[in-house]
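Data block below; observations after.
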Amino acid sequence: MEISPLQKARYEYSPKLPGMLKDGVSKISVKEGEVTSSVADQEKIKALFPNTYGKKEITFVKGENTSASKKQVVGVILSGGQAPGGHNVICGLYDALKAADKENVLLGFKGGPSGLIEDDYVEFDDAFIDAYRNTGGFDIIGSGRTKLETEEQFKIVEQVAAKHGLNAVVIIGGDDSNTNAAVLAEYMAAHNTGVQVIGCPKTIDGDLKNEDIEASFGFDTATKTYSELIGNIERDANSAKKYWHFIKVMGRSASHVALECALETQPNICLIGEEVAAKKMSLAQITSYIADSVEKRGNAGNNFGVAIIPEGIVEFVPEFSKLIAEINELLAGSKTEEFNALPDWDKKYEFIKAGLTAESFAVFDILPQGIKQQLFLERDPHGNVQVSLIESEKLFSEMVKDELAKRKAAGSYKGKFSAQHHFFGYEGRCAFPSNFDADYCYSLGYNAFMLIQYGYTGYLSKISNISKPADEWVAGGMPITKMMNMERRNGEDKPVIKKALVELDGKPFKFFEANRDKWAVETCFTFPGAIQYYGPSEVCDLTTRTLALEKG
Ligand code: FBP
């Protein structure tokens with residue numbers, strides 16, 4: 001593969017480490033803090049994790065390294081959706097491991113958790129690692145969504161670990177993968193395998209955060225990439241003055257990405273799923289909210305605008321969730337075949353009408369035709385509606401168009417409405433990491449090795465104080481069980497890391513709420529431009545608005 005000039009230049013970038021990690025592995029000491037307990041359901045979590053529950057939080061400090069010296073053979077996997085900076089986690093882990101002892105070994109298991117089960121791996125060396133420093137993507141070893149959660153899988157991992165003499169596994173993943181890391185750590189401890197398990201917080205969705213984890217990696221770069229694109233579209237809209245752009249942004253359930261992009265670009269509209277759910281908004285209410293902005297702007301001669309729609313929005317609309325549940329029920333088991341055998345859409349429509357409650361059918365019936373068909377025709381292997389495939393940007397623009405036609409007929413709306421649609425997701429997940437993500441990820445990986453060297457297991461690599469310059473960041477570790485509670489999953493109570501949704505009383509949302517009425521009517525667009533890597537620190541090392549507002 002040919003190497004671009006930027007990639008060459010980025011190879012030379014030295015990621016910044018927190019002050020206490022900067023003097024090298026031999027000069028890092030550990031300070032143990034308080035004993036921890038889980039955020040909720042303490043007795044249940046304690047019973048499920050007898051060997052790894054209630055451990056102390058730890059912080060690294062400058063000082064002599066007092067860990068017992070032994071050869072380290074570590075395995076690493078990337079799990080779930082790509083997020084910028086993943087390569088640097090591996091680079092930081094590798095550098096710390098080799099700095100401790102050149103004989104230490106790092107194995108990368110390919111294609112996500114399945115690589116560990118199938119024993120499909122590569123052994124890293126300097127040349128291999130150097131080709132991926134400060135680059136985007138997960139292509140160094142690939143990623144996957146296989147879940148490591150069953151006893152049989154853990155037994156296989158135990159055998160694979162024994163075969164390679166692995167004494168630790170690092171799992172780079174989101175809330176589910178780190179939940180599984182905690183369960184694997186407990187298994188390894190309970191079976192006296194000597195294999196430690198350490199997690200690293202990843203996801204562009206930004207929903208793996210809590211009082212200990214200030215941000216998951218990748219969120220910074222992905223939102224900056226989408227914000228650049230949204231800013232460019234705003235400028236185009238403001239130049240041509242003829243289109244409303246409906247832009248869906250990734251974020252499978254939480255709306256952190258949408259909110260951060262809104263704070264960066266000040267669009268006319270940004271929907272926040274968590275608010276929609278809290279206010280129990282209907283599709284008609286959301287449509288009317290957007291149409292109000294289009295109408296006011298149109299009547300003032302501004303027939304253009306930008307609306308940001310979070311990917312997970314429809315699941316937050318209570319009446320829509322109910323509709324989806326009823327459709328899943330309606331087509332359960334053999335009924336899918338019965339439905340598919342119906343000769344045309346009219347017959348299918350009658351079948352749907354007869355099978356849904358009147359309330360849900362009314363919701364179904366106001367949907368644009370394309371979405372109606374999508375709900376019934378594109379289904380997952382279990383026969384369920386594929387909610388993530390619903391083109392919500394089109395859903396809302398079409399509903400707004402219908403609403404505006406009514407308002408025009410009634411004489412209140414005098415403008416013109418023409419829409420363009422976009423979906424920004426994959427465009428940002430493998431971008432070159434921002435300096436922030438390059439530094440944060442490298443630090444997470446380096447720190448993960450320190451946790452391994454000091455013998456910890458079931459911990460998440462934790463770098464905090466990250467809204468400050470890197471030198472002031474604080475490195476340490478937190479038992480994953482501290483972040484867990486019990487939740488109902490697939491009909492069973494399971495210990496899981498709590499997913500962080502947008503907090504409606506949090507500072508980022510409050511800032512947005514205080515400004516959005518003005519943004520809806522006036523043109524207040526801001527154009528963040530491209531991520532900068534070289535130049536003044538206030539341009540190149542800027543954190544997200546979300547983090548800046550949260551940390552004041
Ligand atoms: P993770 O939670 O695994 O980090 O992935 C998040 C995400 O990027 C979502 O924003 C998006 O809905 C999903 O992955 C898409 O997944 P896929 O890559 O499997 O299409």
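Atom set for the values below is all heavy atoms of this structure, side chains included, hydrogens, waters and symmetry mates excluded. Read the numbers this way: they start at 1 and go in the same order the structure lists the ligands and their atoms.
Using modelled atom types, one finds no donor on one side chain facing an acceptor on the other under 3.5 Å when comparing Gln266 with Thr526. Side-chain N/O atoms of Tyr289 and Gln285 include no donor and acceptor closer than 3.5 Å.
For atom 20 (O) of ligand 1, the closest non-hydrogen atom of the protein is Tyr426 OH, 2.6 Å. The protein non-hydrogen atom at the shortest distance from atom 11 (C) of ligand 1 is Glu311 OE1, 3.6 Å. Nearest to atom 10 (O) of ligand 1 among the protein's heavy atoms is Asp205 OD1, 2.6 Å. In terms of protein heavy atoms, atom 3 (O) of ligand 1 is closest to Gly81 N, 2.8 Å.
Both the sub-6.0 Å distance and the 45° axial angle are not jointly satisfied by Lys202 relative to the ring of Phe217. With Tyr13 as the aromatic partner, Arg10 meets the cation-pi criteria of under 6.0 angstrom to the ring centre and within 45 degrees of the ring axis.
Close contacts between ligand 1 and Gly251 involve ligand atoms 10 (O) [criterion: under 4.0 Å to a heavy atom]. Near Lys202, with a cut-off below 4.0 Å to any heavy atom, the atoms of ligand 1 are 1 (P), 3 (O), 4 (O). Ligand-side atoms of ligand 1 in range of Gly80: 3 (O), range being under 4.0 angstrom from any heavy atom.
Among Thr203, Ile204, Leu208, Asp207, the residue whose heavy atom lies nearest to atom 1 (P) of ligand 1 is Thr203. When Gln82, Arg429, Lys499, Met250 are ranked by how near their heavy atoms come to atom 18 (O) of ligand 1, first place goes to Arg429.
Ligand 1 is never approached by Gly174 to a heavy-atom distance shorter than 4.0 Å. Using a 4.0 angstrom heavy-atom cutoff, Arg145 counts as in contact with ligand 1. Using a 4.0 Å heavy-atom cutoff, Ala83 is absent from the residues neighbouring ligand 1.
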task: Please report the C-alpha distance between Leu460 and Leu451 in whole Å, then the side-chain angles of each, then the deciding distance to 0.1 Å, and finally whether the side chain to side chain contact (heavy atoms under 4.5 Å, CB included) criterion is met.
output: CA-CA 9 Å; Leu460 202 58; Leu451 290 168; over 6 Å; no
task: Run the numbers on Thr543 and Ser467 for side-chain hydrogen bond (donor to acceptor under 3.5 Å, both in side chains), then give the verdict.
output: CA-CA 6 Å; Thr543 179; Ser467 61; over 6 Å; no
message: Applying side chain to side chain contact (heavy atoms under 4.5 Å, CB included) to Val249 and Glu311, what does each step give before you reach the verdict?
response: CA-CA 6 Å; Val249 291; Glu311 184 185 11; over 6 Å; no
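The distance from atom CG of Asp212 to atom OG of Ser464, rounded to the nearest 0.5 Å, is 8.0 Å.
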